[in-house]
Structure formats: C-alpha cells, structure tokens
Amino acid sequence: MVAEIEADVAVLGGGSAGMAAYRAATKAGARTVLIEHRAFGTTCARVGCMPSKLLIAAAEAAHARQEGAGFGLPAPAPIRWGGLDDVLARVRRERDRFVGFVLRDVEAYPPADRLLGTVHIVDDHAIDIRAPDTTRTRVRAARIVIATGSSPVMPPELAPVRGLCLTTDELFELPGLPASAAIVGTGVVALEMGQALHRLGVRVRLFGRGGRLGVLTDPELLPIALATLRAGLPLEHDPLARFSLHAGQVHVDYLDAHGSEAAEDFDCALVAAGRTPNLHLAGAENASWHTALLDVGRTLDRSTLRLAGTHVFVAGDATGGASIQHEAVDDGRIAGRNAATFPSVQAGLRRAPLSIAFTSPQMASVGGGWQHASRRESAVDAGQASFENQGRSRVMLRNQGALRVYADAKGQFLGAEMLGPDAEHLGQLMAWALQARMTIDQMLSMPYYHPTVSEALRTALQDLKARRQETPA
Ligand SMILES: Cc1cc2nc3c(=O)[nH]c(=O)nc-3n(C[C@H](O)[C@H](O)[C@H](O)COP(=O)(O)OP(=O)(O)OC[C@H]3O[C@@H](n4cnc5c(N)ncnc54)[C@H](O)[C@@H]3O)c2cc1C
C-alpha cells in the first residue's frame with residue numbers, strides 16, 4: 001500500500017537550505033513537503049559549523065593557558081594530555097543542544113509535510129519515499145527543490161590508507177582524540193580542525209596540494225599568512241605527497257618547505273580536501289531534468305536558482321557554490337519562493353559576499369576578496385595595515401597578520417582580505433560597508449573607537465587613499 005501526496009512543491013533535503021525553501025514555499029501559499037533521507041537537524045548543527053566551533057573554543061581555552069607567560073604570568077601547572085574525552089563529550093553535549101533546537105523547528109511543521117526515508121525519483125514529478133518502518137509514500141509534485149547538500153571529497157591518492165581516513169562527519173563522534181593525525185587539505189575546515197587538534201595536544205601535520213590557504217587569495221597576504229600559521233602549525237604544500245600504509249599507520253612521504261625529503265607516520269588521516277555536491281539521486285535517470293542537474297555549474301540560473309528549461313530549483317551546497325550556511329539559507333529562500341510562484345520567478349536578494357575562517361589568527365574575505373576585485377577590467381587600488389604594531393592587537397598579544405582593502409578608481413570600496421585578530425567582527429563590519437555601497441571616504445568618516453582592532457581598518461583605508469593620491473588616475 002502506497003500513500004499518495006499531491007504537492008505544489010517537493011523539497012529534497014532537510015538541511016539549512018531545504019528548511020528555508022520549505023518555509024518560503026509554504027509562506028507563498030504552496031502545498032509543500034520536505035523530504036529528508038537520513039536525519040533532520042542540518043549538517044551545520046550536526047557535523048559542521050557548530051561542533052567545529054565548539055572544538056575550536058576548547059582548543060583556544062587550552063592555548064590561552066600557555067599564553068600567560070607572554071604577559072608575565074607564572075607558567076600553568078602541566079595538564080595531562082591524552083584522550084581528552086571530556087572535551088569531545090562537551091562538544092557533543094552542546095552540539096546536541098543546537099541540533100535539538102533545529103529538530104524542534106522541524107517538528108513544528110505539520111507531520112504530513114515532512115517525510116523521512118530513502119528517496120527514489122520515479123519520473124519528472126514523482127518521488128517515492130520508503131520510511132524506516134518500510135511504509136511507502138509517493139509524492140507527486142508540480143515543482144521540485146533539490147537541497148541535498150554536499151559530501152567530503154576523498155582524493156584517490158588516499159586509497160592505500162582509506163581504512164584509516166576520517167572526515168568531519170566522523171570526527172566529533174570519536175570517543176577520544178587520536179594521538180596523531182595527518183590533516184589532508186589547507187582549506188578552511190582543514191586549517192580550523194588541524195589547528196584545534198594541534199592545540200589540544202594531537203600531533204598533526206597539514207598536507208595541501210595547490211597552495212591554497214583558507215579563504216585568502218591576495219598574493220601580498222598569502223606569504224604573510226603562511227609564515228604566521230606555520231610558526232605554530234606544521235603545514236606542508238607538496239602536490240606530490242604520497243600516502244601509504246605502514247605498520248598500521250598512515251605513512252606520508254613529502255617534500256618539506258625547504259624542498260628536503262621527509263616522512264612521518266600518523267594514527268589516522270583527517271580528510272578535509274573539499275566537498276562535492278550531492279547530485280547523484282537514486283532513480284534520477286528516470287527524470288528528464290537529470291542531465292541538467294548533473295551539469296548544475298552551467299545550467300543553474302544563479303539569480304533565480306532554476307535549472308534551465310525545467311521545473312526544478314537547486315539550493316545550498318548542492319549548487320556547488322561556496323559552502324556557507326547563511327548563503328545556503330538565502331538560496332533556500334529564493335528557490336522555495338520561486339518554486340511556489342513558478343512559472344513566474346524573480347531574482348532573489350543577495351548579500352555582500354563574506355567568508356570567515358575561525359583559525360588563529362582568524363581570516364576574512366569580503367566581496368570575494370582579491371580574487372574577485374582583481375578580475376575587474378578597470379584599475380583596482382589596494383591599501384594595507386599590518387597588525388604587528390597595531391595598538392589593541394599588541395595589548396592583547398595578538399599582533400599578527402595584515403588587512404588588505406580594495407577600491408575602484410572612483411574610491412568605491414570593493415572588498416578586503418584579512419588575517420588577524422577578530423577578523424570575524426571586522427569582516428562583518430566591512431561586509432556591511434560593501435553592501436551599503438560605501439566609498440573609502442564614507443568609511444573613513446565613520447567612528448573608530450580607541451583602542452580597538454577596528455582602527456586597523458582606518459589605517460588600511462588611509463593607506464589606500466594615500467596611494468591613490470600618489471598615483472592619480
Ligand atoms: C566541518 C564544517 C564546518 C563548517 N563551518 C561553517 C561555518 O563556520 N560557517 C558557515 O557559514 N558554514 C560552515 N560550514 C558549511 C555549512 O555547514 C554548509 O554550507 C551548510 O550546512 C549547507 O546547507 P545545505 O542545506 O546546503 O546542506 P545540508 O545542511 O547538508 O542539508 C542537506 C540535507 O540533504 C539530505 N540529503 C542528501 N541527499 C538526499 C536525498 N537524495 N534525498 C533526501 N535528502 C537528501 C542530507 O541528509 C542533509 O540533511 C561548515 C561545514 C562543515 C562540513
């Protein structure tokens with residue numbers, strides 16, 4: 001016996017984007033169902049943003065104990081490093097609280113609107129769901145939103161050590177921390193987790209391939225960032241590093257920063273080498289929109305999130321865009337509303353791009369950073385402020401890194417990149433300025449409280465202005 005549901009909109013994937021799509025489509029008056037194949041609760045709360053920030057907070061607390069000497073404080077009593085089971089227990093306890101809030105939201109949706117079970121695409125409009133108790137439901141939907149998220153990439157060179165590899169999907173479930181871990185990747189998640197584990201006493205080394213470093217792209221900032229991070233974190237960029245199994249350990253042969261051959265063994269490898277959109281849906285070959293979905297990079301209209309020529313919309317990490325929670329929610333809102341009003345669709349509200357890495361020092365990229373600003377056809381000016389002698393940063397003994405700001409020939413603020421203290425707040429401030437379309441002069445006319453890290457922004461803007469005056473257009 002198969003229950004049948006007729007819906008205007010079916011949303012596949014009950015994460016951040018899917019929940020936003022469900023709410024937006026429902027608000028627009030569409031009969032909408034939200035379909036999740038594993039567990040509601042979102043990647044962000046279960047295995048993403050929240051548990052990772054909880055682990056980082058514990059690592060910062062551990063690191064703060066060591067920093068006292070710099071302020072003339074007596075050395076702390078040594079702590080017994082080891083499994084640190086209590087650290088992971090607190091991560092899970094707090095994480096479960098956050099997941100609980102999300103589940104409460106989902107449970108407030110009418111039961112008939114939310115389905116949990118394995119998903120099979122039957123044709124262009126029909127989707128079968130087999131619930132854990134084996135009951136089956138067929139949803140016939142006029143429109144579909146695909147918000148199925150993304151999964152960690154497993155690079156092929158890790159095949160020999162596959163059994164010793166874990167990702168952030170498993171990290172927070174470990175009963176205790178490993179003694180050592182090779183961290184594969186130097187993107188945001190690799191840097192955040194690698195540094196946190198290192199500060200919690202795990203012997204780590206990061207292995208990157210393409211010279212990537214978190215959210216940074218500015219060639220002036222990258223060497224500063226690399227030197228700053230390397231001072232406290234073993235980090236290698238060797239595209240030819242080789243992974244093999246040796247005496248039950250992950251053995252890595254690599255060239256170190258000086259080009260010398262080196263090797264090290266680790267208990268496991270934490271793989272954070274990027275994520276790939278979940279677009280291989282069971283049975284999708286039965287639908288005419290299947291090929292367009294697999295080519296989402298070219299077929300998706302980024303402003304309306306409609307797949308060209310279809311009644312299907314894609315949102316969140318499934319689009320293959322930046323893996324950022326608030327953008328996934330915005331995507332969901334746009335896709336859900338357009339799916340409800342289809343065939344009338346509208347471009348949705350987009351915010352100033354902002355990416356943050358919760359490393360130490362933190363990183364921020366505003367407006368797509370240098371990568372975006374430098375692609376403009378017209379001239380771009382840059383200004384810089386170092387945190388080395390920045391008042392507030394020195395007071396706190398966090399005087400590392402630099403801030404780079406960009407403007408066009410008319411003095412219009414274009415964005416920034418930063419490695420330094422409190423980048424999460426300064427990045428946010430600059431993103432607001434960018435979205436408000438402020439000029440450099442308007443930003444300089446704003447208050448800068450003394451002594452704050454934000455004063456570095458004024459220094460960088462003044463530097464940019466001075467350079468513009470030196471080289472008039
Ligand atoms: C370790 C880590 C740290 C992060 N930290 C941050 C951060 O600090 N700040 C930030 O902004 N972002 C962060 N992110 C990124 C952020 O978590 C994602 O961008 C966001 O969760 C994407 O939401 P989504 O709805 O697209 O995907 P998800 O929340 O993953 O939702 C997709 C859902 O679809 C379900 N699904 C998959 N396939 C199917 C199918 N065939 N049928 C039905 N359901 C399906 C999945 O089970 C899942 O529930 C982090 C990510 C990770 C992994």
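When a residue number appears, it is its place in the shown sequence, counting from 1. Every number for a ligand or one of its atoms is a count from 1 in the order of the listing. FYI, side chains are in, hydrogens and waters are out, and symmetry mates aren't considered; it's all heavy atoms of this structure.
Considering both main-chain and side-chain atoms, F358 never comes within under 3.5 Å of ligand 1 through any nitrogen or oxygen pair. Between S150 and ligand 1, a contact under 3.5 Å exists for no N or O pair. Ligand 1 has a nitrogen or oxygen under 3.5 angstrom from a nitrogen or oxygen of A17. Distances between N or O atoms of T168 and those of ligand 1 include no value under 3.5 Å. Remark: ligand 1 and D317 share an N or O pair separated by less than 3.5 Å (distance only, no angle test).
Nearest non-hydrogen protein atom to atom 28 (P) of ligand 1 is T43 OG1, 3.4 Å. The protein heavy atom nearest to atom 10 (C) of ligand 1 is Q325 N, 3.4 Å. Atom 44 (N) of ligand 1 has its closest protein heavy atom at H37 N, 3.3 Å. Residue, atom and distance of the protein heavy atom nearest to atom 2 (C) of ligand 1 are G48 CA, 3.4 Å. Nearest protein neighbour of atom 27 (O) of ligand 1, counting heavy atoms only, is G149 CA, 3.4 Å.
Contacts with ligand 1 closer than 4.0 Å are made by side-chain heavy atoms of R275 only, the backbone lying farther away. Looking at I324 against ligand 1, both its backbone and its side chain come within 4.0 Å, counting heavy atoms.
For the residues R38, E327, E36, K53, the heavy atom positioned nearest atom 7 (C) of ligand 1 is part of K53. Summarising the contacts of atom 50 (C) of ligand 1 with G18, P277, C49, the nearest heavy atom is found in C49.
A salt bridge between E107 and R114 is absent, with no side-chain N of the basic residue lying under 4.0 Å from a carboxylate O of the acidic one. By the 4.0 Å N-to-carboxylate-O rule, K53 lies too far from E424 to be salt-bridged with it. Using a 4.0 Å cut-off between charged side-chain N and carboxylate O, E173 and R95 make a salt bridge.
Within the structure, the ring pair (Phe, Tyr, Trp, His ring centres under 6.0 Å) test picks out the following pairs touching residues 111-137 (sequence neighbours left out): H125-H311.
Donor-acceptor pairing under 3.5 Å is lacking for the side chains of N278 and T148. Using modelled atom types and a 3.5 Å distance limit, the side chains of T217 and E417 yield a donor-acceptor pair.
Once rounded to the nearest 0.5 Å, the distance linking CD of Q249 with CG of D267 reads 5.0 Å.
Here the side chains of R23 and R333 are not in contact, with every heavy-atom distance at 4.5 Å or above.
Scanning for ring pair (Phe, Tyr, Trp, His ring centres under 6.0 Å) contacts around Y254 gives F207, with sequence neighbours left out.
Residue contact check for ligand 1: V47 places a non-hydrogen atom closer than 4.0 Å to it.
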